[in-house]
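No experiment lies behind these values; they were computed from the predicted model shown. All chains are named by letter (A, B, ...) in the order of the sequence lines, taking the proteins before the strands, and each is independently numbered beginning at 1.
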Protein chains: 2
Amino acid sequence: MTLKQLEAFYWSAILGSFALAAERLFMTQSALSKRIQELELEIGIPLFDRTGPRARITEAGQNILGRVENLLALRDEIVLAARGPIGLQGTCRFGISELMAMQFLPKIVAAARAAFPDVIVEPRVAVTRELLDDVEKGETEFALAPGTSENPDVLSRPIVSIPLCWVAAPDLVKGKTSITSAELQAYPIISMSAQAGSSLVLQSFSAQHDLRFRRILASNSPEAVASVTMAGLGIALLAEPFVKRFIDTGQLLRIDIEDQPAVSELQYSIHWRADNKRVLAKKIRELAYEICTRPLS
Amino acid sequence: MTLKQLEAFYWSAILGSFALAAERLFMTQSALSKRIQELELEIGIPLFDRTGPRARITEAGQNILGRVENLLALRDEIVLAARGPIGLQGTCRFGISELMAMQFLPKIVAAARAAFPDVIVEPRVAVTRELLDDVEKGETEFALAPGTSENPDVLSRPIVSIPLCWVAAPDLVKGKTSITSAELQAYPIISMSAQAGSSLVLQSFSAQHDLRFRRILASNSPEAVASVTMAGLGIALLAEPFVKRFIDTGQLLRIDIEDQPAVSELQYSIHWRADNKRVLAKKIRELAYEICTRPLS
DNA sequence: CACTCTTACGGCACCCGTAAGAATC
DNA sequence: GATTCTTACGGGTGCCGTAAGAGTG
């Protein structure tokens, strides 16, 4: 029995797929498949059921999964105890929303590389729904995203709350900086794609005021939304820190909604699976939390 | 990092010697030395101090030793959980005194081989002192021997108490079956070597009655002591079950000591290091305990 | 000089990746 | 036919044992 075999088994069990596990471990499916076969031969019992279209973990596999998890965690602790953080190796994947990425990702990656030079950090930028899905499936160690997961296995810890604001090109609203929600309805709305955090706020806003918006763009990129808005195509609901530079230069105008005094805020949290025991994941998650909650310098 | 490296480190640390660890792991010193070097390279810090005549574990090595121990125990538990006892591999060395060996060793070995077919069982027959030394040094997993260890790290659990008796050739004592302790002093004493359990009883007996014996043989073999005694060379203190067959055939005569009404008993126990976490060792130790305390069939 | 660990080197075995095959939807 | 896992095969590397070297009491 080898640590490599156990790691192959572990990731195959967590991800429910040999192909994904092989990708994570930077090897081919074929090699991983054989590693697991050798492990099964070693302990003399099948760990996966290959009868279906995809390999499903057997009861025997489920029985040892927790112990294998503990063993692998112990391996990382041994390295940590002997050499400190710089000795850790491995890969850490995490998800991050674009807005958070613009503000924090460079710092997170830099800090992670400094603390764990031999660790491969793989951030993935996506919209909220995808980020949370990946965490639930075990594909990423944690995610920095708005909202909370409805999955009880996923824990969330708030980090920052970012105010949203309505913006438009000055021409479009003829210089008006304050309109009613009814008036707002007349304008085309430029929004992020439906699965993004700010779109969820937009949905709840429209439901609350019984409004129907005409959306003319659903982009995954806030930059795209901002540029289209600056071109005068409509009004957008965007994160205030993100559009501040455009407001300062006069490219966008901040619009207040008269009958909506309180500005909506997007609550960002860090999300992770409660059963994730990986030492590396925990360290980098804490590091990311630290950076995102630290007062801006 | 590999399990083999960790195991090499573990046994080198426990036994305090690369040579002994290599012997235990059925490999050459040279190969083991390189394995440990590779582990040190892997975690980036020396685990042994080679400046002295023998490799001494460093502080860093000491720091990880407990975790490595847990990791290796977890490996065995994984096999146990998946496959049951028959999946366990490895070597189990234990010590046993000759008298216990005659009565129980075949049963213990047979039971161990039946329960753990892939385990190499290495019993070692020796006298009490050596058996306990080996347990203290970590060379054996446990020992079946009389008495208790003065080392607080060694736990002892009683198994059986075996009565001792004085025996002599009928000719030597002219058929007398009862003598005083003073008369006993006149005869040559044939005893086990000084480090055997029965010799320790003999020492305490002589101290108690302020007697000085003339010893004419110190053998590690009870068979040798019995045969010499049957030849009429002196009186011996031997285990009753062992000499029963000679008494029954008339080759030896049982001698009672008039002023020593209670017969000395040799209390046998099973001894093991309290910090021994090895799964295999524990299983076979319990198996041996079971067999030695089971009513004789 | 006995003992212990290290270094050098030759050979074998293991393990990986490529490529093709089988099974399932 | 797309996806997923398995099997077959060639090649490179890692690891072991033998043998010689170095340091210590």
Side-chain angles (χ1 to χ4, degrees), chain A residues 1-58 60-62 89-91 120 133-134 137-139, chain B residues 1-58 60-62 89-91 120 133-134 137-139:
Chain A
M1 189 190 298
T2 70
L3 287 172
K4 288 185 175 185
Q5 286 169 0
L6 293 174
E7 197 153 32
F9 162 73
Y10 174 71
W11 282 109
S12 299
I14 292 291
L15 297 173
S17 151
F18 286 11
L20 288 179
E23 183 198 342
R24 163 99 37 165
L25 297 172
F26 303 107
M27 61 195 300
T28 58
Q29 282 179 18
S30 131
L32 181 130
S33 172
K34 220 161 65 178
R35 258 193 206 171
I36 291 183
Q37 285 178 47
E38 279 157 8
L39 177 61
E40 289 172 321
L41 203 69
E42 177 84 24
I43 64 178
I45 201 167
L47 299 171
F48 288 95
D49 171 18
R50 274 96 159 169
T51 57
R54 45 197 311 129
R56 273 190 31 248
I57 191 166
T58 61
Q62 199 60 250
Q89 294 184 1
T91 310
I120 299 166
D133 280 352
D134 284 348
K137 283 187 292 186
E139 294 218 34
Chain B
M1 192 191 294
T2 70
L3 287 172
K4 289 185 174 185
Q5 287 169 1
L6 293 174
E7 197 152 33
F9 162 74
Y10 174 73
W11 281 109
S12 300
I14 293 290
L15 298 172
S17 152
F18 286 12
L20 289 179
E23 184 198 342
R24 163 100 37 162
L25 297 172
F26 303 106
M27 60 194 302
T28 59
Q29 284 178 17
S30 132
L32 181 130
S33 172
K34 219 161 67 177
R35 257 193 206 171
I36 291 184
Q37 285 176 47
E38 278 157 8
L39 177 60
E40 289 172 321
L41 203 69
E42 177 83 25
I43 65 178
I45 201 168
L47 299 171
F48 288 95
D49 171 18
R50 274 94 158 171
T51 57
R54 45 198 310 129
R56 273 191 29 247
I57 191 167
T58 61
Q62 199 60 251
Q89 295 183 0
T91 311
I120 299 166
D133 280 351
D134 284 348
K137 284 186 292 186
E139 293 217 34

Nearest-Å distance, [atom1] ([X]) to [atom2] ([N])?
X: A:Arg35; N: D:dC5; atom1: CZ; atom2: P; result: 16 Å
X: B:Met1; N: D:dG14; atom1: CE; atom2: C1'; result: 18 Å
X: B:Asp49; N: D:dT24; atom1: CG; atom2: C1'; result: 14 Å
X: B:Glu23; N: C:dT4; atom1: CD; atom2: P; result: 11 Å
X: B:Phe18; N: D:dG23; atom1: CZ; atom2: C1'; result: 15 Å
X: A:Leu47; N: D:dC5; atom1: CG; atom2: C1'; result: 16 Å
X: A:Leu41; N: C:dC15; atom1: CG; atom2: C1'; result: 15 Å
X: B:Ile36; N: D:dC15; atom1: CD1; atom2: P; result: 14 Å

Compare the minimum distances between each of [options] and the side chain of [X], then state the nucleotide with the smallest one.
X: B:Ala55; options: C:dC5, D:dG17, D:dT4; result: C:dC5
X: A:Thr28; options: C:dT18, D:dG17, C:dC5; result: C:dT18
X: A:Met27; options: D:dT4, C:dG17, D:dT7; result: C:dG17
X: A:Ser17; options: C:dA19, C:dT4, D:dC5; result: D:dC5
X: B:Ser30; options: D:dT6, C:dC15, D:dA19; result: D:dA19
X: A:Lys34; options: C:dC5, C:dG17, D:dC5; result: C:dG17

Is it the case that the side chain of [X] and the backbone of [Y] share a donor-acceptor pair, with hydrogens and angles ignored and the cut-off at 3.5 Å?
X: A:Glu40; Y: A:Leu47; result: yes
X: A:Ser12; Y: A:Ala8; result: yes
X: A:Glu42; Y: A:Thr2; result: no

Q: Would you kindly compare A:Pro53 and A:Thr2 by the position of their nearest DNA chain C nucleotide and give the one closer to the 5′ end?
A: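 Here A:Thr2 is the residue nearer the 5' end.
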**Q.** B:Gly16 vs A:Gly52, nearer the 5' end of DNA chain C by closest nucleotide
**A.**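 Looking at DNA chain C, the more 5' nearest nucleotide goes with B:Gly16.
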(Q) Within the structure provided, determine whether B:Lys137 and B:Leu15 are in side-chain contact (heavy-atom separation under 4.5 Å). (A)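 They are not in side-chain contact.
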Q | Non-hydrogen side-chain atoms of A:Leu32 and A:Trp11 separated by less than 4.5 Å | A |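 They are not in side-chain contact.
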Q: Classify the nucleic acid contact of A:Thr51 as base, sugar-phosphate or nothing, counting any heavy atom under 4.0 Å across all strands shown.
A: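 Answer is sugar-phosphate: A:Thr51 comes under 4.0 Å of backbone atoms only.
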Q: Considering just the side-chain nitrogens and oxygens of B:Gln29, establish if one lies under 4.0 Å of OP1 or OP2 belonging to D:dT18.
A: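 For D:dT18, OP1/OP2 do not have a side-chain N/O of B:Gln29 under 4.0 Å.
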**Q.** OP1 or OP2 of C:dT6 under 4.0 Å from side-chain N/O of B:Arg50
**A.**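 Indeed, a polar side-chain atom of B:Arg50 lies that close.
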